[in-house]
Chemist: 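I have a structure here, written as structure tokens, and I will follow up with some questions on it.
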Protein chains: 2
Amino acid sequence: MIADQTLDIERAAGILKLLGDKTRLSMMRILSEHDCCVCEFTEIFQMSQPAISQHLRKLRDVGLVKESRRGQWIIYALNESHEYYPFVKMLLNTLPSQEEKLKELERQGKRISCE
Amino acid sequence: MIADQTLDIERAAGILKLLGDKTRLSMMRILSEHDCCVCEFTEIFQMSQPAISQHLRKLRDVGLVKESRRGQWIIYALNESHEYYPFVKMLLNTLPSQEEKLKELERQGKRISCE
DNA sequence: TGCGTATATAAGAATATACTTATATAATGA
DNA sequence: TCATTATATAAGTATATTCTTATATACGCA
């Protein structure tokens, strides 16, 4: 049996709805370049920690990102084994690099996890 | 000056939010194969006419689709000159063909506009 | 053990979204 | 001209979304 290259419309819509928020979409683009922890996102987006955690939870609930603990920090990363990962990755690749935001954190000495 | 291939994250998020609804995403996929009028969509989705019109209005407001009148009917089509059309088209191409839905309409003698 | 830091979760409020019903507009055809 | 059909728009409602604030949990370290 040959796998269908196409995606279920309803599930694809669910993914796109999640990505259709500028904070989450930026998070995903950042994660497509580097793993990150929650406190870095709060710095980058200048948003409250609960707000950031709640966005990450939504992404995690559908399996688009995964988490792992490193000491006090929870490191988030794209889940490359998600069924729709190739689709999501292709999509993220059309967006501008967010490297500058991470570089800025480094200059401020606020970079934690990602190397 | 060479055009940047990447998209503004905020605008991209706006597009993805619109596509992140299964009705609108299906509509866009259908339009990527054939132009369609409102009454065909109401048949396909078994939704009220105002509900369909309101979805189409959102897509039109950001310029993803365009309309033209043919007699009583308003024909909707993808707007191929939209700045993000290549992005949207690529995305729609990953979704399964909706040809069957239109064929079914034809069998029922409810196909109007599209050839 | 107790404190500080990082994170998650819960509850509540403001706003956005997607329908509904009612009505308006435009074209067709008798 | 009038009735019918196709479509758009407005107003209202139910639900979803995205914050906020308050609190709980987990780890590291003195």
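Side chains included, hydrogens not; waters and symmetry mates left out as well; all remaining heavy atoms used. The chains referred to below are lettered A, B, ... by the order of the sequence lines, with proteins before strands, and numbering in each begins at 1.
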Chemist: Would you mind reporting whether A:Pro50 and A:Gln54 have side-chain heavy atoms less than 4.5 Å apart?
Modeler: yes
Chemist: Figure out the CD1/P separation between A:Ile74 and D:dA24, and round it to whole Å.
Modeler: 19 Å
Chemist: Base, sugar-phosphate, or nothing: which does B:Phe41 touch, judged by heavy atoms less than 4.0 Å apart?
Modeler: nothing
Chemist: How would nucleotides 11-19 of chain D be written as a contact map, 5' to 3', with B for base contact, S for sugar-phosphate-only contact and - for no contact, using protein heavy atoms under 4.0 Å?
Modeler: B-----SSB
Chemist: Taking the side chain as every heavy atom from C-beta outward, state whether B:Ile52 and B:Met27 have any atom pair closer than 4.5 Å.
Modeler: yes
Chemist: Pick the nucleotide of DNA chain D nearest each of A:Pro50 and B:Ser53; which residue has the one closer to the 5' end?
Modeler: B:Ser53
Chemist: How many whole angstroms separate atom CD of A:Glu40 from atom P of C:dT7?
Modeler: 8 Å
Chemist: How close or far is atom P of C:dA8 from atom CG of A:Leu59, stated in whole angstroms?
Modeler: 12 Å
Chemist: Quick one: what's the B/S/- string for nucleotides 25-30 of chain D, heavy-atom cutoff under 4.0 Å, read 5' to 3'?
Modeler: -SSS--
Chemist: Check A:Glu104 with A:Arg107, please: is the shortest side-chain N to carboxylate O separation under 4.0 Å?
Modeler: yes
Chemist: Is A:Glu83 salt-bridged to A:Arg11, cutoff N-O under 4.0 Å?
Modeler: yes
Chemist: Between atom CZ in A:Arg60 and atom P in C:dA8, what is the gap in whole Å?
Modeler: 7 Å
Chemist: Output the rounded distance in Å from CD (B:Glu67) to P (D:dT9).
Modeler: 8 Å
Chemist: Please work out which of the three classes, parallel, tilted or perpendicular, describes the rings of A:Phe45 and A:Phe41, given edges at 30° and 60°.
Modeler: parallel
Chemist: Provide, to the nearest angstrom, the distance between the CD1 atom belonging to A:Ile75 and the P atom belonging to C:dA6.
Modeler: 12 Å
Chemist: Could you tell me how far apart A:Glu43 (CD) and C:dT5 (P) are, to the nearest whole angstrom?
Modeler: 14 Å
Chemist: Indicate yes or no for a side-chain donor-acceptor contact from A:Glu43 to the backbone of A:Glu40 under 3.5 Å, with no hydrogens or angles considered.
Modeler: no
Chemist: Could you list all the salt bridge (Lys or Arg N to Asp or Glu O under 4.0 Å) pairs where at least one residue sits in residues 16-26 of chain A, not counting sequence neighbours?
Modeler: A:Lys22-B:Glu10
Chemist: So do A:Thr94 and B:Met90 actually touch side chain to side chain, heavy atoms under 4.5 Å?
Modeler: yes
Chemist: I'd like to know if A:Gln49 reaches the base of C:dA8 with its side chain, counting only an N/O donor and acceptor under 3.5 Å.
Modeler: yes
Chemist: For B:Leu19 and C:dT17, give me the distance from atom CG to atom C1', rounded to whole Å.
Modeler: 16 Å
Chemist: Within the 4.5 Å heavy-atom criterion, are B:Arg29 and B:Leu25 side-chain neighbours or not?
Modeler: no
Chemist: So, is A:Tyr76 close to the C:dA8 phosphate, meaning a side-chain N or O under 4.0 Å from OP1 or OP2?
Modeler: yes
